[in-house]
Amino acid sequence: MIIILNGYPGVGKLAIGEELIFQISGRLLDIHSVYNVAFALAEFKSPEFIEAVEKIESVAHDLILKLPPEIPVVLTTVLAGTSDWGDAEWKRIVRLGEERGPLLVVHIHCGLEENIRRIEAAGRAAKRKKPRPRQSPRRHRRAQSAAARCYGFVREGGGD
């Protein structure tokens with residue numbers, strides 16, 4: 001089983017993933033484990049950055065496929081399916097799910113005030129997570145369209 005925790009920065013994907021793997025005796029691959037190598041060595045979203053992320057992700061997916069099937073794996077990702085790059089990532093996730101399913105997707109959302117509080121938290125920078133609270137309102141708007149594009153539905157009312 002693969003569980004994808006998909007959402008914008010600061011919604012609690014890693015916190016939920018850490019608790020979830022404890023509850024289900026699984027493994028966790030946080031998106032920052034993949035991104036941090038690329039962040040350290042390449043300009044964000046440059047061709048080198050994207051290539052590094054794809055290569056690291058490929059190694060990680062190969063290792064996931066080698067795990068015994070009874071070990072669940074939780075992956076976190078940031079709005080997969082919301083851009084050309086995100087669409088390619090989403091396709092790789094779906095392919096992984098087809099090879100080692102079932103694939104369960106949880107789109108995580110939180111209220112704007114909570115999101116800003118989480119993004120401004122002191123420990124975030126230590127994890128190489130950039131505090132950008134001004135981007136939170138735009139991310140909230142993108143979250144609903146991401147769910148619609150990736151999963152084929154739109155929640156009425158758009159509440160938190």
Side-chain angles (χ1 to χ4, degrees), residues 1-21 24 26-67 69 71-110 115 118-119 124-125 127-155 158:
M1 169 177 26
I2 297 176
I3 301 169
I4 306 297
L5 303 178
N6 188 28
Y8 49 88
V11 297
K13 298 178 301 290
L14 179 58
I16 292 168
E18 289 172 337
E19 179 62 27
L20 184 57
I21 63 163
I24 64 174
R27 303 280 179 95
L28 173 65
L29 178 62
D30 178 48
I31 192 65
H32 284 279
S33 298
V34 174
Y35 280 10
N36 283 344
V37 173
F39 277 135
L41 302 172
E43 184 70 30
F44 183 55
K45 292 190 179 179
S46 68
E48 295 81 13
F49 182 91
I50 293 169
E51 180 182 9
V53 167
E54 289 173 353
K55 285 181 177 180
I56 295 162
E57 193 177 71
S58 177
V59 169
H61 288 193
D62 287 345
L63 289 169
I64 289 168
L65 292 171
K66 291 177 183 176
L67 288 172
I71 297 178
V73 179
V74 176
L75 291 98
T76 69
T77 189
V78 180
L79 294 176
T82 61
S83 65
D84 290 342
W85 181 27
D87 286 346
E89 179 190 11
W90 182 248
K91 288 175 184 169
R92 292 189 301 272
I93 290 169
V94 169
R95 188 171 42 250
L96 178 65
E98 289 169 348
E99 293 182 45
R100 195 188 190 272
L103 177 65
L104 308 170
V105 179
V106 180
H107 188 79
I108 300 174
H109 183 79
C110 72
N115 184 237
R118 293 178 61 83
I119 285 179
R124 192 165 176 82
K127 296 178 183 177
R128 294 189 183 189
K129 296 180 174 187
K130 299 182 183 199
R132 294 182 178 151
R134 287 179 287 185
Q135 294 181 0
S136 293
R138 180 178 53 85
R139 290 179 179 138
H140 274 72
R141 289 189 300 274
R142 285 181 61 203
Q144 188 168 0
S145 68
R149 280 185 75 200
C150 291
Y151 321 121
F153 70 91
V154 176
R155 188 173 80 200

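Only heavy atoms go into these numbers, but all of them, side chains included; no hydrogens, no water, no symmetry mates.
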Q: Between I93 and I4, does a side chain to side chain contact (heavy atoms under 4.5 Å, CB included) hold up when you go through it step by step?
A: CA-CA 8 Å; I93 290 169; I4 306 297; 3.5 Å; yes

Q: Enter the distance from I50:CD1 to F44:CZ here, rounded to the nearest 0.5 Å.
A: 8.5 Å

Q: If you measure from OG1 on T76 to CG on D30, what distance do you get to the nearest 0.5 Å?
A: 3.5 Å

Q: For V78 and N6, work out which heavy atoms get closest and say how close.
A: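 Scanning both residues completely, I find the closest heavy atoms to be C-OD1, 3.7 Å.
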
Q: Indicate the atoms forming the closest heavy-atom contact of A38 with V53, along with that distance.
A: CB-CG2, 3.7 Å

Q: Nearest 0.5 angstrom please: I16 CD1 to I21 CD1, how far?
A: 13.0 Å

Q: Grab the two heavy atoms, one from V74 and one from L20, that are nearest each other, plus how far apart they are.
A: CG2-CD2, 3.7 Å

Q: Pairs under 3.5 angstrom only: tabulate donor-acceptor contacts from the side chains of residues 58-67 to other protein residues two or more places apart or in another chain.
A:
none

Q: A side-chain contact here means heavy atoms from C-beta on lying under 4.5 Å apart; do L28 and L14 qualify?
A: yes

Q: Which atom pair, heavy atoms only, marks the closest approach of I56 to V34?
A: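 Shortest heavy-atom contact: CD1-O, 3.6 Å.
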
Q: Is there side-chain contact between K55 and V37, with at least one heavy-atom pair below 4.5 Å?
A: no

Q: Can you tell me how far CD of E18 sits from NZ of K13, rounded to the nearest 0.5 angstrom?
A: 12.0 Å

Q: Among residues at least two apart in sequence or on other chains, which ones pass side-chain contact (heavy atoms from CB on, under 4.5 Å) with S46?
A: A42, E43, E48, F49

Q: For R100, look at atom CZ and say whether over 12 heavy atoms of other residues, nucleotides or ligands are found less than 6.0 Å away.
A: yes

Q: Using the side chain to side chain contact (heavy atoms under 4.5 Å, CB included) rule, take R92 and L96 through it: C-alpha gap first, then chi angles, then the decisive distance, then the call.
A: CA-CA 6 Å; R92 292 189 301 272; L96 178 65; over 6 Å; no

Q: At what distance, to the nearest 0.5 angstrom, does CD1 of I108 lie from OG1 of T77?
A: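 Reported value, rounded in 0.5 Å steps: 11.0 Å.
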
Q: Hey, are the side chains of I24 and I3 touching, using non-hydrogen atoms and a 4.5 Å cut-off?
A: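 Yes, close enough: below the 4.5 Å cut-off.
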
Q: Say you draw a straight line from CD1 of I2 to CZ of R27; how long is it, rounded to the nearest 0.5 Å?
A: 13.0 Å

